[in-house]
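A short write-up of the structure that comes next.
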2 protein chains.
Amino acid sequence: MPAQNDAMSETHAGIENLTEALREAGIRVTRQRAALLSVLAAADDHPDAPELHRRAENEVPGISLSTVYRTLSTLESQGVIQRHQFEGAPARFEPVEAGHHDHMIDVETGNVLEFCSDRIEKLQAEIAAELGYEIVHHRMELYVRKVTGPA
Amino acid sequence: MPAQNDAMSETHAGIENLTEALREAGIRVTRQRAALLSVLAAADDHPDAPELHRRAENEVPGISLSTVYRTLSTLESQGVIQRHQFEGAPARFEPVEAGHHDHMIDVETGNVLEFCSDRIEKLQAEIAAELGYEIVHHRMELYVRKVTGPA
DNA sequence: TTGACAGTTGCAACTCATTCGCATTTGCAT
DNA sequence: ATGCAAATGCGAATGAGTTGCAACTGTCAA
């Protein structure tokens with residue numbers, strides 16, 4: 001575990017909590033998992049598996065891609081991270097941390113912005129209820145393009 | 001072209017129009033494409049490619065799965081059908097016919113219901129606009145479960 | 001009708017993202 | 001320290017969909 005002993009950044013404080021939580025869930029905290037957790041916590045974009053693998057290799061040089069995939073699945077089922085399957089792209093991941101939100105994908109750049117609308121959520125619930133359903137979860141993605149100022 | 005000569009069902013009237021439209025778009029109307037068009041027009045569910053292949057085989061026995069995939073892509077880019085990629089499932093298709101709508105997927109049965117909410121669409125546009133974007137297209141899926149009457 | 005030829009087809013081989021089997025290694029409770 | 005189930009790395013396998021290519025076939029002009 002190179003370069004980092006006592007001084008713990010706020011980023012890592014959250015990880016320490018998670019580490020403990022995972023251990024209690026009977027999930028071993030291996031070097032590769034710790035690496036992925038820190039990489040995920042540090043990410044403010046929405047990286048896909050190969051990208052996370054690349055980033056994790058800095059901390060754990062030989063880490064294999066299958067381990068990355070396996071760990072991502074594990075973390076997802078632990079509710080630690082979320083998997084997003086945007087159109088025509090490999091799955092991308094993000095830590096749950098903040099609450100629920102939806103996504104806006106810039107079709108030009110691939111950038112992902114987050115947003116949340118209580119009003120929409122409420123309408124969704126109403127629509128489902130009207131048909132006798134309750135929402136288990138939902139997915140809303142806006143594929144957008146930057147508006148070029150009025151020519 | 002077996003079993004069907006003069007009497008044309010209302011289902012096929014729409015297809016005849018399409019046939020002409022495609023021809024004009026420089027797209028040959030082959031037996032396999034005609035078959036897929038009629039199968040799609042007749043479908044009121046949201047079939048995936050292998051299922052469409054199965055159904056099309058009634059009309060064109062030897063049709064290959066690759067042709068089905070290729071044709072679906074062609075029809076999609078012609079705006080004749082829409083492709084939907086729901087969670088953890090192969091793509092499913094539906095004719096465009098009616099206007100835009102969103103989907104509700106019963107997580108228990110896999111059934112797909114359609115719905116549409118102008119209010120939500122409006123809110124989406126507002127949200128995008130606030131951030132300086134315009135919506136190219138969007139995707140909204142509600143994964144739902146039937147509400148069991150109050151126990 | 002007949003050609004001609006570009007668009008299509010069927011097949012098999014391929015891609016890409018992700019998963020799996022298995023022998024080896026390793027957290028971690030004791 | 002020690003045991004052992006859980007996790008890893010490797011490579012092979014999967015599933016959905018795509019693609020190269022030779023043979024075929026709509027379609028349009030003659």
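Note on naming: letters A, B, ... go to the chains in the order of the sequence lines (proteins, then strands), and numbering restarts at 1 for each one.
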Would you tabulate the pairs of protein nitrogen or oxygen atoms and nucleotide nitrogen or oxygen atoms of nucleotides 18-22 of chain D closer than 3.5 angstrom?
| residue | atom | partner | partner atom | Å |
| --- | --- | --- | --- | --- |
| D:dG20 | O6 | B:R70 | NH1 | 3.3 |

Sort me out a list of protein N/O and nucleotides 28-30 of chain C N/O pairs below 3.5 Å, or just none if empty.
| residue | atom | partner | partner atom | Å |
| --- | --- | --- | --- | --- |
| C:dC28 | OP1 | A:R23 | NH1 | 3.2 |
| C:dC28 | OP1 | A:V29 | N | 3.0 |
| C:dC28 | OP2 | A:R23 | NH1 | 2.8 |

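Among the nucleotides D:dA16, D:dA7, D:dG26, the one closest to any side-chain atom of A:R33 is D:dA7.
Atom CD in A:Q32 sits about 12 Å away from atom C1' in D:dA6, given to the nearest Å. For the pair A:E20 CD and C:dG27 P, the computed distance is 16 Å after rounding to whole Å. Atoms CD (A:Q85) and P (C:dT18) sit 6 Å apart, rounded to a whole Å. Rounded to an integer number of Å, the gap from A:L22 CG to C:dG27 P is 15 Å. In this structure, the CD atom of A:E87 is 17 Å from the P atom of C:dA17, given to the nearest Å. Atom-to-atom, CD1 of B:I63 to P of C:dT8 comes out at 14 Å; the value is rounded to the nearest Å. Atom CZ in A:R54 sits about 13 Å away from atom C1' in C:dA17, given to the nearest Å. Between the NE2 atom of B:H84 and the P atom of D:dG17 there is a distance of 14 Å, rounded to whole Å.
A side chain to side chain donor-acceptor pair (under 3.5 Å) with A:S38 holds for exactly one of A:E59, A:R33, A:R55; it is A:E59.
Annotation: side chain of B:L40 is not in contact with side chain of B:V80 (no heavy-atom distance under 4.5 Å). Side-chain atoms of B:T67 and B:V60, non-hydrogen and from C-beta on, never get closer than 4.5 Å to each other. Between B:Y133 and A:L142 there is no side-chain heavy-atom pair separated by less than 4.5 Å. When side chains are defined from C-beta on, B:R139 counts as touching A:R139, because their heavy atoms get closer than 4.5 Å.
Recorded end-axis angle for the helix from C:dT1-D:dA30 to C:dT30-D:dA1 stands at 40°, based on five pairs per end and rounded to 10 degrees.
Shown here is A:D45, whose CG atom has more than 12 heavy atoms of other residues, nucleotides or ligands within 6.0 Å.
With sequence neighbours excluded, the residues that form a salt bridge (charged side-chain N to carboxylate O under 4.0 Å, His left out) with A:R54 are A:E51.
A donor and an acceptor atom, one from each side chain of B:E121 and B:H100, are located under 3.5 Å apart. A:T71 and A:Q32 form no side-chain donor-acceptor contact under 3.5 Å, judged by distance and modelled atom types alone.
Sorted by first then second residue, the ring-ring contact (aromatic ring centres under 6.0 Å, His included) pairs that include residues 29-60 of chain A, not counting sequence neighbours, are A:H46-A:H103.
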May I have the list of side-chain donor-acceptor pairs in residues 72-79 of chain B shorter than 3.5 Å, sequence neighbours left out?
| residue | atom | partner | partner atom | Å |
| --- | --- | --- | --- | --- |
| B:S73 | OG | B:Y69 | O | 3.3 |
| B:S73 | OG | B:R83 | NH2 | 3.3 |
| B:T74 | OG1 | B:R70 | O | 3.0 |
| B:E76 | OE1 | B:R83 | NE | 3.0 |
| B:E76 | OE1 | B:R83 | NH2 | 3.2 |
| B:S77 | OG | B:S73 | O | 3.3 |
| B:S77 | OG | B:T74 | O | 3.0 |

